[in-house]
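Here is how names work: the chains are called A, B, and so on, in the same order as the sequence lines, proteins then strands, and each is numbered from 1.
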4 protein chains.
Amino acid sequence: MINRAHFADAVTWRRNLHRLAQPAWLEFYATGLIATQLTAWGYEVKLGSQIIDAAKQLLPPSQERLAQEYQRALDAGIKEEFLAPAKGGYTGVVGILKGDLPGPTVAYRFDIDSNEARESASLAHRPAAEGFASEVPGCAHLCGHDSHVAMGLLLARYFSENHGKIKGAVKFIFQPNEENLSGAAAMIPKGVLDDVDYLLGGHVGVVAPQTGSIAIDVHSSLAVTRSEVTFRGKPSHSGTRPDLGKNALLGACAAITNLYAIARHGLGPSRINVGVIEGGSTWNVIPERTYFKMETRAIENSINEYMQTKAHEVLRGAAAMYDLEVEIIPAASCPSGSNSPKLVAVGLEVAKKLPWVKEVIPDIAWFGSEDFMLLADVVQKKGGQALFVLHGTPIGGGHHSETFDIDEEAIYNGADFYAALYDSLVK
Amino acid sequence: MINRAHFADAVTWRRNLHRLAQPAWLEFYATGLIATQLTAWGYEVKLGSQIIDAAKQLLPPSQERLAQEYQRALDAGIKEEFLAPAKGGYTGVVGILKGDLPGPTVAYRFDIDSNEARESASLAHRPAAEGFASEVPGCAHLCGHDSHVAMGLLLARYFSENHGKIKGAVKFIFQPNEENLSGAAAMIPKGVLDDVDYLLGGHVGVVAPQTGSIAIDVHSSLAVTRSEVTFRGKPSHSGTRPDLGKNALLGACAAITNLYAIARHGLGPSRINVGVIEGGSTWNVIPERTYFKMETRAIENSINEYMQTKAHEVLRGAAAMYDLEVEIIPAASCPSGSNSPKLVAVGLEVAKKLPWVKEVIPDIAWFGSEDFMLLADVVQKKGGQALFVLHGTPIGGGHHSETFDIDEEAIYNGADFYAALYDSLVK
Amino acid sequence: MINRAHFADAVTWRRNLHRLAQPAWLEFYATGLIATQLTAWGYEVKLGSQIIDAAKQLLPPSQERLAQEYQRALDAGIKEEFLAPAKGGYTGVVGILKGDLPGPTVAYRFDIDSNEARESASLAHRPAAEGFASEVPGCAHLCGHDSHVAMGLLLARYFSENHGKIKGAVKFIFQPNEENLSGAAAMIPKGVLDDVDYLLGGHVGVVAPQTGSIAIDVHSSLAVTRSEVTFRGKPSHSGTRPDLGKNALLGACAAITNLYAIARHGLGPSRINVGVIEGGSTWNVIPERTYFKMETRAIENSINEYMQTKAHEVLRGAAAMYDLEVEIIPAASCPSGSNSPKLVAVGLEVAKKLPWVKEVIPDIAWFGSEDFMLLADVVQKKGGQALFVLHGTPIGGGHHSETFDIDEEAIYNGADFYAALYDSLVK
Amino acid sequence: MINRAHFADAVTWRRNLHRLAQPAWLEFYATGLIATQLTAWGYEVKLGSQIIDAAKQLLPPSQERLAQEYQRALDAGIKEEFLAPAKGGYTGVVGILKGDLPGPTVAYRFDIDSNEARESASLAHRPAAEGFASEVPGCAHLCGHDSHVAMGLLLARYFSENHGKIKGAVKFIFQPNEENLSGAAAMIPKGVLDDVDYLLGGHVGVVAPQTGSIAIDVHSSLAVTRSEVTFRGKPSHSGTRPDLGKNALLGACAAITNLYAIARHGLGPSRINVGVIEGGSTWNVIPERTYFKMETRAIENSINEYMQTKAHEVLRGAAAMYDLEVEIIPAASCPSGSNSPKLVAVGLEVAKKLPWVKEVIPDIAWFGSEDFMLLADVVQKKGGQALFVLHGTPIGGGHHSETFDIDEEAIYNGADFYAALYDSLVK
């Protein structure tokens with residue numbers, strides 16, 4: 001059982017992280033905070049190129065932004081020794097604590113990045129009212145990963161203070177860049193999962209919106225693939241010689257309309273979205289270039305592949321229609337996935353006995369996407385087990401809304417569930 | 001000057017033709033009537049395979065319709081000797097009358113086909129009120145080609161009765177299938193124009209809507225190209241496995257929308273139209289096949305080629321979008337064209353002196369398409385001259401409308417203009 | 001147990017029906033055959049306006065086709081007394097046989113219409129090889145309703161010959177027009193279901209493609225709504241004044257593309273299809289009118305309503321885009337539905353004990369649509385129970401393909417299952 | 001005749017302006033330079049709110065950019081007294097020089113703004129090679145307005161030094177913001193044209209690409225209307241509940257495709273372009289908002305009105321399709337227009353006699369748009385005359401291309417033509 005006396009520290013960590021929200025590949029403050037604490041608690045700490053494969057880093061930030069956010073972490077009091085390895089965007093931390101007895105390696109995965117979105121300044125929004133709203137322009141923890149870090153630290157401290165319980169090893173994977181679904185993919189090649197027998201993770205809120213509830217078999221996650229699409233044509237004056245242009249914007253519109261029209265798959269839900277578009281130069285020039293962000297999702301990896309195949313046909317066909325070049329750059333992807341049945345069973349047993357649990361949701365379809373599933377897939381394929389749960393909490397205006405907020409009790413509850421689960425796994 | 005006493009015969013011919021309207025490749029009655037008269041007047045008459053190249057006959061009618069309309073001409077009293085050569089749809093007549101003195105070959109071209117459309121039965125519509133409305137279901141002379149035939153016959157009779165005026169030869173080209181723009185193309189390979197020095201032709205009405213007016217330099221005709229387009233995909237049950245289909249109808253819709261969106265050309269007017277569509281089988285099957293009729297037009301042949309190039313890009317791109325086959329079958333085409341300046345000058349001089357002329361329109365842009373331009377192009381390229389004029393007449397509800405009608409004086413006026421022009425050409 | 005000696009008759013009925021395939025509202029031969037047999041076996045027989053509400057008859061055939069198919073049934077030897085009530089398209093038969101003891105009313109529903117499609121003439125296709133392929137041009141039993149009729153007759157004869165088993169009453173509902181999903185809706189207002197306690201029905205093949213298999217809880221049927229959509233604009237010559245037209249074909253294409261782009265629903269599968277299109281008059285006229293057949297489907301009635309709401313928005317928006325009128329005429333609809341759990345349980349018990357059963361499929365999602373579900377809904381809402389099963393059989397090239405075929409053993413098996421189920425219901 | 005000795009100064013002015021390129025409403029350096037010179041030469045100078053109606057200022061720049069560019073002009077040595085009136089973006093200058101004798105008011109209009117585009121840094125591009133390429137990021141004179149200012153100053157100096165030639169008055173209208181077609185509209189309400197009898201203006205290059213050529217009757221300018229269009233819908237997570245969103249990006253794509261498909265007008269050329277698009281927030285959110293810049297053009301104002309009417313129908317229809325709000329904000333417009341025939345005749349006479357003239361192009365269709373036509377329309381409507389000419393010069397890679405450049409002789413030639421024309425107007 002997690003020591004209740006430490007809960008106040010967890011709340012402080014969470015609020016400091018909330019105030020200092022940093023998004024994908026820029027989570028320097030979180031990285032520094034975690035590394036500082038884990039080191040203090042006796043963990044073996046891995047950072048930077050030990051855990052992040054630069055070649056797998058999709059959509060890295062500009063040098064300017066990297067420098068700015070790095071400085072922000074320094075200014076917040078993080079010592080450079082904990083930051084330097086992450087310079088250039090190699091954020092994230094892995095911490096390992098070995099027991100004296102043999103046993104499995106149990107890994108806990110927590111994601112650490114903020115969203116790129118503005119937070120509400122309304123006094124009806126607790127972070128604003130109580131002074132811990134994000135101070136980073138255009139960035140905010142509107143998905144609760146700040147609380148995931150706090151939950152992870154609370155749990156790491158517990159193992160440090162209860163070292164005798166550890167059989168084998170506990171491993172904390174604080175993963176950067178979950179929002180763009182790229183952090184997990186960059187950690188795998190570095191062998192982070194090589195010794196993992198059990199992989200545990202979760203998320204606050206989502207479809208478990210009550211404090212004291214916990215959802216165990218969170219299934220029906222969606223595979224997702226994201227691409228950056230650019231159509232390139234030829235500019236021309238739209239008044240005098242429109243016929244000499246090759247209209248990249250018009251081609252993009254043809255593509256987008258027909259992307260949404262891809263036939264629904266008969267064997268299960270699929271999704272498509274074009275979330276951002278930007279193109280053209282001025283009023284009277286046939287647009288030479290148009291860019292958009294596209295994603296497909298599906299309940300099965302094979303259906304997501306169908307969506308990708310069809311989407312690429314549409315993109316190439318639209319380019320041919322308007323004599324354009326089209327470039328399709330992969331931006332992120334993660335598979336669908338499912339929990340290991342045995343771990344689900346253990347999780348259900350554990351959850352039922354916890355004193356703070358008000359409701360156990362045995363199984364739930366959530367239709368979300370998480371790159372935890374990519375980690376889980378790796379672990380399961382080499383014979384390990386994985387479990388992804390939901391930690392109940394109210395969620396304010398909802399995930400990714402400007403008034404997203406949580407009940408901080410979920411931090412304690414989550415850490416406590418993981419601690420109890422550990423006992424069952426190694427007994 | 002045309003003998004006024006013969007005008008009543010011309011009116012009778014026109015009304016009989018109007019009643020017995022027959023469209024492209026089915027003009028058996030007109031063919032027989034013309035051949036009968038030209039033979040009687042001493043013309044050398046050419047028919048059938050002498051003047052029509054079967055290989056160039058686009059969109060030929062069914063055997064059933066050919067037989068039905070052939071019989072209709074027989075039933076109307078045409079002798080089989082004048083019809084037999086046209087059997088199978090090789091309609092049209094060429095008549096030649098040579099003079100005793102040397103001189104140029106002056107050719108007059110008249111088109112003879114009806115439209116495929118219904119005529120008004122309203123008593124406010126003169127053909128209905130006076131009993132000569134079309135009796136052929138779904139066919140009617142709503143473009144005035146019946147009056148063109150009558151004008152040609154009136155003129156042919158004039159030359160027969162004024163044989164001494166002929167220097168060189170006069171040649172009458174009664175052309176089938178102008179409406180589908182295929183008759184001229186089928187006559188050229190048979191050498192119909194090989195000896196032609198001057199080619200003259202015209203149309204009643206259009207932008208000369210007053211009796212007694214005549215437009216001489218009718219320019220800005222539009223080049224046109226027609227195609228039959230078929231998309232072919234794969235059917236599938238739209239409820240159970242829409243993903244297994246390849247939707248030909250959806251591909252056709254993508255094509256059509258984007259065909260109309262082809263950039264306007266900076267150097268002159270262009271047009272595109274999809275006039276007919278038909279596809280699919282039933283409610284719950286992804287459509288396997290969709291067919292449509294497409295045409296492009298433009299003020300210059302090069303701009304029409306631009307439209308064709310772009311249209312084919314769109315069609316192939318749309319097929320690629322939905323993994324379809326696309327077949328594009330040429331259906332008709334004719335070039336833009338222009339009158340020979342010297343003939344324009346002669347025509348203007350002649351027109352000014354005619355007693356019935358109330359208005360000479362020296363030049364006019366009409367934006368229509370006529371396969372006369374294909375004939376003119378051939379004649380001009382080998383050094384001859386061509387002129388296309390408009391014979392003024394009110395036009396009822398307008399060309400191709402169900403209440404189109406003419407003032408029959410235009411028949412006399414047209415023939416009289418051509419007769420007077422002849423004198424100037426051979427003087 | 002069904003008397004095996006009668007199986008040969010059932011095969012004969014099926015093959016005669018197959019040869020004389022008649023589609024929606026034109027099933028005169030089937031109606032006459034059924035009425036003749038039921039009358040002979042002592043059933044009370046209801047026909048024509050007793051069972052079909054003319055006001056609910058969507059998409060009725062032309063008078064000409066009605067007369068032609070009526071005559072075809074007479075020519076096949078049906079007595080006029082059994083046909084006359086159906087004149088005008090009021091096809092279908094209800095037959096009732098009451099027992100001497102009190103008990104429930106158990107209704108069996110069989111659909112009787114053919115498809116409108118061509119059957120394969122290949123000798124690899126048994127109906128063609130053995131001489132019972134459809135002789136009705138453009139119509140064929142490619143969904144197996146011929147075997148449904150034969151199954152129903154075999155079962156009806158069984159009850160006639162085992163009258164003592166009947167407690168309460170058995171009722172046979174031979175329903176016309178399932179393919180267009182309109183027959184059930186036309187029977188309900190006539191009170192056909194008023195006294196029904198149990199409603200049983202099924203289909204050959206589909207997702208039970210093995211002889212000897214039977215699927216009991218056939219769930220996840222899709223709600224469906226069909227409409228005939230007509231856009232009306234204004235014609236204009238596409239060469240001279242395209243700007244004066246209102247392009248109904250272009251509006252329809254905009255509508256269709258965007259109909260397929262309606263957002264997938266987050267709560268369950270949805271479908272949309274435009275299965276047939278037809279519009280325009282000729283090459284060079286801006287199309288005045290375009291017509292298409294549209295259907296939406298969904299796993300839940302509420303999701304189908306969402307699709308309808310969005311589809312109507314798209315249709316009205318597309319009309320506004322091109323200044324068109326749009327008319328949306330309802331053509332058919334049926335709800336999603338589910339079997340009654342108690343009947344499922346009974347069905348499972350019964351199926352397991354039948355000697356010919358090789359496989360019991362306890363539950364299966366089929367994603368098809370059936371207007372049986374409309375009947376089931378009525379029965380369930382007034383407290384009755386309903387069950388829809390699948391009778392296993394190979395299905396040749398698949399339902400609605402030109403080489404669809406069945407193993408006629410399914411006729412016997414289906415009837416036998418229903419007979420056995422009856423015993424369990426009234427014991 | 002313009003004093004050749006002053007040409008070097010004109011070149012210096014032009015190059016300084018080129019280096020200090022400032023776009024619409026930000027032409028502080030040009031404004032200051034012109035005001036300084038005109039004041040020195042004895043002109044009555046009007047600035048700021050005397051000549052610009054703030055209420056007509058469309059798309060004004062941000063306060064930040066206004067301040068930045070204002071400072072840039074100060075830094076370049078312009079005295080604040082000549083800049084202060086233009087603070088806030090009220091750029092442009094009017095200079096008046098009255099003669100001692102009575103006579104007409106002859107106004108010369110020169111536009112002064114740069115483009116918002118990058119200039120080539122290639123050493124093959126003379127401004128780069130010779131060190132006067134633009135030093136203002138993202139701004140460059142790629143349309144030659146820098147040379148227009150130099151031409152105007154050269155001409156103004158001429159009148160100052162030849163004061164005795166002036167009968168009535170000469171008036172120099174240095175107009176801001178021609179590129180966004182808003183400067184002229186903002187000057188008219190301030191009475192700038194109230195006393196103008198003759199309005200003269202022109203452009204370097206365009207379709208007169210030879211030094212020493214001059215085009216006199218530049219006709220067939222296109223009316224233009226620009227709008228900023230915003231679609232607004234409702235965001236929703238595209239993975240979990242796409243059905244709850246209202247997709248502004250998808251609606252915009254439907255609009256754009258169908259905007260380009262607006263029927264070509266039968267009576268003359270029309271244009272449409274969507275030059276810039278931007279919308280959405282991130283990958284997995286149904287886009288709530290999409291914005292684009294749209295313009296229509298046409299050879300006749302009435303055809304441009306047709307395009308606007310149809311475009312608004314398409315925009316509103318697309319919004320209805322996807323249940324969106326659409327906002328259409330006017331951004332700029334100017335009419336088509338034509339030169340006054342008498343001025344054309346005078347211009348032709350004058351041009352023929354100039355020593356440097358190598359080619360007089362009597363009339364030319366240019367299909368460009370210029371808000372000079374708005375000024376001309378006002379002058380012509382109250383009885384005055386207007387003339388717009390082209391000053392021949394090679395144009396590098398073409399107008400608005402990154403390598404646009406001119407032969408500076410055109411500056412001298414243009415001023416000289418205007419000076420000569422003046423003599424003919426007041427003789």
Rounded to the nearest 0.5 Å, what separation is found between the [atom1] atom of [X] and the [atom2] atom of [Y]?
X	Y	atom1	atom2	value
A/Ile361	A/Ile216	CD1	CD1	9.0 Å
A/Leu390	A/Ile364	CG	CD1	7.0 Å
B/Ile188	B/Leu375	CD1	CG	5.0 Å

**4.5 Å side-chain heavy-atom contact, B/Phe372 and B/Leu199** = yes

**Asked** Can you check whether B/Val326 reaches B/Leu324 side chain to side chain, under 4.5 Å on heavy atoms?
**Response** no

**Prompt:** With only heavy atoms counted, which part of B/Ala319 is less than 4.5 Å from chain A, the side chain, the backbone, both or neither?
**Reply:** neither

Between chain B and chain A, identify every pair of one donor and one acceptor N or O atom lying under 3.5 Å apart.
from	atom 1	to	atom 2	distance (Å)
B/Asp243	OD1	A/Gly266	N	2.7
B/Asp243	OD2	A/His265	NE2	3.1
B/Asn258	OD1	A/Tyr322	OH	2.6
B/His265	NE2	A/Asp243	OD2	3.1
B/Gly266	N	A/Asp243	OD1	2.7
B/Tyr322	OH	A/Asn258	OD1	2.5

**Smallest separation among heavy atoms of B/Ala248 and B/Phe231, with atom names** = CB-O, 3.5 Å

